[in-house]
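Here's the structure, in structure tokens; my notes come after.
Just so you know, these numbers use all the heavy atoms, side chains as well, and skip hydrogens, waters and symmetry mates. Whatever order the structure lists ligands and atoms in, that order sets their numbers, starting from 1. Positions are given from 1 along the sequence.
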Amino acid sequence: VNFLPVKTIKDFNVWLIFTKVTEKSPLKYKFHNLLENILNISSVPLKFHIIVDNSSRNLAVNEISDVVSHSNKPIHYNLYDMDICAKVISDIVEAMMPHFSSKPGTYYSDALFYISLGLYRIAPHSQNRAVLLDCDLYFKKDIRVVFEEFDRFKSTALYGLAPELTPVYRHILQGYKMKHNSTFGEYYHPKNITKTMPHPRGFQGYNSGVVLINLSAIRKSEEYSVILRTKSVQSLTSKYKFRGHLGDQDFYTLMGFEYPHLIQTLNCGFNRQLCVWWRDHGYRDVFDHYFKCKHPVVILHGNCNTKIPK
Ligand code: UDP
Ligand code: MN
């Protein structure tokens with residue numbers, strides 16, 4: 001047995017959410033393909049942490065053993081119970097749900113869309129950093145390069161996120177933008193510079209299909225624990241007249257505008273979204289400004305059920 005010196009051991013924690021799945025769900029195949037893809041392309045010792053519910057647990061275990069038997073590589077994983085996770089973050093979900101859920105239901109059914117905000121309570125204390133991934137992703141490069149982004153975080157960053165690549169936040173903020181001359185919701189444009197603003201060149205918001213989470217920094221952050229409270233979420237959403245439907249990423253988008261020091265913006269290649277729904281729903285003229293991504297692609301994201309070209 002070779003023991004590594006402690007300093008070289010790093011946390012390569014990959015979190016996935018796999019709930020409300022049935023035998024026929026597309027999510028089952030997405031989960032299978034993603035595990036296979038990550039195993040094939042990655043060079044670091046990963047630990048998977050998978051949040052499941054009662055109806056999805058056995059499906060997850062079956063898919064994992066299927067991938068293992070075909071790849072001849074082991075998968076190190078732990079399962080976590082969604083009901084327990086939902087309870088642990090219920091205060092966060094209750095604060096967020098009225099503003100960021102499409103049909104606010106019970107905190108229970110909505111919790112899955114807010115896990116990333118409370119993962120610091122769910123993950124064992126021994127974990128210092130984690131990457132939470134959607135299942136509808138395809139890695140073009142080694143996941144090692146994603147973990148290396150943690151080393152580039154500014155000292156105040158709690159989360160690392162890539163931009164949203166559609167005008168959805170331009171749409172949501174149109175009421176606010178009619179009254180205020182703001183770069184919030186505008187596409188990123190190098191010419192559009194006003195130095196006093198937090199995002200002088202336009203801010204498209206964030207997408208939460210790939211979330212880098214600095215767990216130990218979040219656990220220590222007094223500021224973050226205050227921002228998550230009902231009162232803070234209320235004042236933030238009313239300031240921008242913000243009514244969203246995309247869960248955690250709506251909150252990160254507001255955070256990124258109001259508290260930019262807390263988020264590290266990753267380049268778009270780390271979450272190259274493919275959904276073009278907004279192009280055909282009123283935003284044809286500006287869509288491409290939001291959608292363009294000139295960085296090398298590390299991860300493709302087949303969001304809104306878009307087929308991923310391989
Ligand atoms: N998810 C889940 N059960 C569901 C829906 C979603 O476990 O019924 C998880 C799954 O990990 C999925 C993620 O939530 O990848 C986000 O959903 P999706 O990727 O479909 O959203 P999109 O990226 O299209 O907005
Ligand atoms: Mn997705």
Original post:
Would the Phe184 and Tyr240 ring centres measure less than 6.0 Å apart?
Top reply: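 Yes, they do, as the ring centres are separated by less than 6.0 Å.
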Quick one: nearest non-hydrogen protein atom to [atom], plus distance?
atom	answer
atom 3 (N) of ligand 1	Thr19 O, 2.7 Å
atom 25 (O) of ligand 1	Asn303 CB, 4.4 Å
atom 20 (O) of ligand 1	Asp136 OD2, 4.4 Å
atom 21 (O) of ligand 1	Asp134 OD2, 4.2 Å
atom 24 (O) of ligand 1	Cys304 N, 2.8 Å

**OP:** Decide if atom NZ of Lys241 counts as having more than 12 heavy atoms of other residues, nucleotides or ligands within a radius under 6.0 Å.
**Re:** no
Original post:
Should the heavy atoms of other residues, nucleotides or ligands under 6.0 Å from NZ of Lys220 be counted, would the total exceed 12?
Top reply: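 Open.
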Original post:
Taking the six-membered ring of Tyr187, is the NZ or CZ of Arg201 close enough (under 6.0 Å from the centre) and on axis enough (within 45°)?
Top reply: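 Checked: cation-pi criterion not met.
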**OP:** Look up atom CD1 in Ile75 and atom CD1 in Ile50, then write down how far apart they are to the nearest 0.5 Å.
**Re:**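 Between atom CD1 of Ile75 and atom CD1 of Ile50 there are 7.5 Å.
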**OP:** Let me know which of Tyr206, Tyr159, Phe100 forms a ring-ring contact (aromatic ring centres under 6.0 Å, His included) with Tyr252.
**Re:**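 Testing Tyr252 for a ring-ring contact (aromatic ring centres under 6.0 Å, His included) against Tyr206, Tyr159, Phe100 leaves exactly one candidate, Tyr159.
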**OP:** Pick one of side chain, backbone, both or neither for how Val21 approaches ligand 1, counting any non-hydrogen atom pair under 4.0 Å.
**Re:** neither
**OP:** Heavy-atom distances under 4.0 Å are what count here, so tell me which part of Phe18 touches ligand 1: side chain, backbone, both or neither.
**Re:**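 The answer is the backbone.
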Original post:
Under 3.5 Å, N or O to N or O, is Cys135 touching ligand 1 that way?
Top reply: yes
Original post:
Hey, is ligand 1 close enough to His301 that some N/O pair sits below 3.5 Å?
Top reply: yes
Original post:
Out of Asn305, Leu112, Ile17, whose heavy atom is nearest to atom 14 (O) of ligand 1?
Top reply: Leu112
Original post:
How open is the angle at the Mn ion (ligand 2) from atom NE2 of His301 over to atom OD2 of Asp134, rounded to 10 degrees?
Top reply: 100°
**OP:** Could you tell me how the ring of Phe150 sits relative to the ring of Phe153: parallel (under 30°), tilted (30 to 60°) or perpendicular (over 60°)?
**Re:** tilted
Original post:
What's the verdict on side-chain hydrogen bond (donor to acceptor under 3.5 Å, both in side chains) for His99 and Asp250, showing C-alpha distance, side-chain angles and the deciding distance?
Top reply: CA-CA 9 Å; His99 312 284; Asp250 289 337; over 6 Å; no
